[in-house]
2 protein chains.
Amino acid sequence: MVSASVKDVAALAGVSVGTVSNVLNRPEKVSAEVTVRVQGAIDKLGFVRNDAARQLRAGLSHSIGLVVLDAANPFFTELARGAEDRAAAEHFTVLVGNSSEDAGREAAYLDLFEQQRVRGVLISPVGNVIPRLEQLRRRGIPTVLVDRQTENLSFSSVAVDDLAGGEMAVAHLLSVGRQRIAFVGGPENIRQVADRLSGARKAMESAPRASLEVIPTESLTVLSGRAAGEAIRLRPAAERPDAIFAANDLLAVGVLQGLMLMGGVQVPEEIALIGYDDIEFSAAAVVPLSSIRQPSALIGSTALELLLREASQESGFAPRQVVFPPELVVRASTQA
Amino acid sequence: MVSASVKDVAALAGVSVGTVSNVLNRPEKVSAEVTVRVQGAIDKLGFVRNDAARQLRAGLSHSIGLVVLDAANPFFTELARGAEDRAAAEHFTVLVGNSSEDAGREAAYLDLFEQQRVRGVLISPVGNVIPRLEQLRRRGIPTVLVDRQTENLSFSSVAVDDLAGGEMAVAHLLSVGRQRIAFVGGPENIRQVADRLSGARKAMESAPRASLEVIPTESLTVLSGRAAGEAIRLRPAAERPDAIFAANDLLAVGVLQGLMLMGGVQVPEEIALIGYDDIEFSAAAVVPLSSIRQPSALIGSTALELLLREASQESGFAPRQVVFPPELVVRASTQA
DNA sequence: CCCTTTCATTGAAACGAATCAAAATCCGGT
DNA sequence: ACCGGATTTTGATTCGTTTCAATGAAAGGG
């Protein structure tokens, strides 16, 4: 015998299957004596509910699907944690699918989730999945987009305001008295990079005497950052900026290395430095890096909440766009 | 209408439900003409199989459960990827549960997986789950342990040989001509640390003229490493080791920072340095770090394969303990 | 022209739990 | 002893899919 069913339990306890089900689901409807007998039978047989049967009967599951771009990225693991915690509180389970930025895998996970009749889907899209998501919605599976502003306002979404983040970073540099700011980052066709730069420009408006120089990079990696940092170090001191805003922390770490090589430029005395993302490593850099943190877990929990609310409405739910402000984390690299 | 069933498809196509099922599962048994009609009906209705019903009928699912200690740890994300890829090839799905090193969450995931009637469980245990795993096995759900040697040989397990890794690291340092080796790491009650140190000692046996010094640390963090590195830098040059083996890469990064501060000690000229784990950051350090890599994805895929094999046996499967050798990755920090 | 073989198709049964109208039981009051 | 009302228990039915013995139809052999 592979596993016991309610029928077996009922037989052993000498009651009907309906009563076993009642013990499980509405214990208050069952007399104490019977409850004891049934519990005993459950324990003796090692009965465990069969989720597939429950779900079939119920017509819908207690799972929600989450498709992330990159499961190894701390931003998404945190986001997933936030969603899972919130889901657990509502007795839901989160199924995590890792698209690895591959549209094919993404589609496969959506298919899987639809077969599982998940209650809803959270997704940070790779490909153009909007038509597919609309189809899912028509079939009763709502979606909330995470970490992507949608052009398509018919879906709810939860994201972080990269524009505000960029503004925040540069405002901080200005507030500690820096005037010649450099933005290190690229390529600009990445939405996040472009938004952060726009935010930086916005912050400059309130400081007419300060200047912003843009130093483009090929990628958002430590190596690109180091190259940029070395280039700056090799300039005559008078032509160096007195503060650098790097488009992400990897770049910032590289810039820091490039600046400090061979006892070069002092951070933050000569040049203040701030990054973006607040990866774990930032706090452990040679000079601990200031950064802009995204409330990853909060994004996850909020998205899940929106999704469940949407799923519980019969219809006519008004999609909501939630945008969180990022958070400034000040460390040694910007404290003169 | 929430979603169409085989019955709807059958009605629209003018065939029986059995035939629809055949089109889905044994297309070769169905005439071309009927196949076309049924496919048409499926498309028109947007029919999607109901997994719960399939699973109920089948009695077992196409999922396997994976419980990891820390979903944010790159080792486990890689391991999960390995397992998922292997699973996908066999048309299985992996459900990932993150215990966050919490025995309660771990138990909750095992309960959930049992309710889902997963085909098997991969787990890197936190608490003493062996009795529970034995219970699961009795109920037809086999387990494979990952990243833990079991005392209990009745379970299959897949792990990495940290002893061999330590030996490998020190053997490498010796092979590039270093003689005064230091091991930086601690606390020693962490199994991995102790094993790596033992391996280091073992490597020393074949080099009677070389010496091994142990420099304990409080934790496996960048900060601890930096402290150790600074302490070494401040010694008279003659008393410094000429090579350092750090118990993990975070320590190694810290040691590197501590050594190089203020243009201090040259790496690798004066001191060669090797870490352990080969985290992504190692290659991007100021001096790219040599390290010992664990075949994370391979562990995952192997564990999954063992599990499926075990699950397909009726009974009497002999548990197997697989131990992988780690891999030496040589970078600038040990190449004079 | 009938009989057998082959092949496609059918439809009822089964999986396990939840539901709910109906039946059974209980209890106090008279 | 009986009634009315409340509480507890029953058991047939349902969910969607797969399976498989049975049916029907077509093809081939004699």
Side-chain angles (χ1 to χ4, degrees), chain A residues 1-39 41-42 45-62 91 112 114-119 139-140, chain B residues 1-39 41-42 45-63 91 111-112 114-119 139-140:
Chain A
M1 176 225 5
V2 179
S3 62
S5 77
V6 276
K7 218 179 287 179
D8 304 319
V9 173
L12 180 58
V15 298
S16 75
V17 293
T19 299
V20 176
S21 178
N22 282 337
V23 170
L24 259 23
N25 303 303
R26 298 107 113 183
E28 77 284 358
K29 296 269 162 208
V30 182
S31 71
E33 186 229 356
V34 169
T35 302
V36 168
R37 237 169 49 232
V38 171
Q39 272 300 347
I42 287 176
L45 293 175
F47 166 79
V48 174
R49 281 155 131 105
N50 183 323
D51 234 28
R54 305 186 72 188
Q55 190 163 309
L56 172 58
R57 182 72 233 274
L60 29 73
S61 78
H62 267 80
H91 301 277
L112 179 67
E114 188 178 9
Q115 289 184 20
Q116 310 242 34
R117 300 292 193 272
V118 296
R119 207 59 150 270
R139 295 179 184 170
Chain B
M1 175 228 3
V2 180
S3 62
S5 77
V6 275
K7 218 178 288 179
D8 304 319
V9 173
L12 180 57
V15 299
S16 74
V17 294
T19 299
V20 175
S21 177
N22 281 338
V23 171
L24 259 22
N25 303 303
R26 297 106 112 184
E28 78 283 359
K29 296 268 164 211
V30 182
S31 72
E33 186 230 353
V34 170
T35 302
V36 168
R37 235 168 51 231
V38 171
Q39 272 299 348
I42 287 176
L45 294 174
F47 166 79
V48 175
R49 281 155 130 106
N50 182 323
D51 232 28
R54 306 187 72 188
Q55 190 164 311
L56 171 59
R57 181 75 235 269
L60 30 73
S61 77
H62 267 80
S63 315
H91 299 130
D111 288 354
L112 179 68
E114 188 178 8
Q115 290 184 19
Q116 310 241 35
R117 300 293 192 273
V118 296
R119 208 58 150 269
R139 296 180 183 168

If you round to the nearest 0.5 Å, how far is CD of B:Gln115 from CZ of A:Arg54?
6.5 Å

Taking A:Asn25 for its side chain and A:Asn22 for its backbone only, find out whether a donor-acceptor pair lies under 3.5 Å.
no

Under 4.5 Å between any side-chain heavy atoms of B:Lys7 and B:Val20, yes or no?
no

Tell me the interatomic distance from A:Asp8, atom CG, to C:dC15, atom C1', rounded to whole angstroms.
13 Å

So do B:Asn50 and A:Arg117 actually touch side chain to side chain, heavy atoms under 4.5 Å?
yes

Check whether any side-chain nitrogen or oxygen of B:Thr19 sits under 4.0 Å from OP1 or OP2 of C:dT10, and answer yes or no.
yes

Between A:Glu28 (CD) and D:dT9 (P), how many Å, whole number?
12 Å

Close side-chain approach of B:Val30 and B:Pro27, heavy atoms under 4.5 Å
no

May I have the distance from A:Gln55 (atom CD) to C:dC15 (atom C1'), rounded to whole angstrom?
15 Å

Given protein heavy atoms under 4.0 Å, the one-letter contact record of nucleotides 16-28 of chain C, with B base, S sugar-phosphate only and - none, is simply BBBB---------

Testing B:Leu45, B:Val17, B:Leu24 for side chain to side chain contact (heavy atoms under 4.5 Å, CB included) with B:Val9, which one passes?
B:Leu45

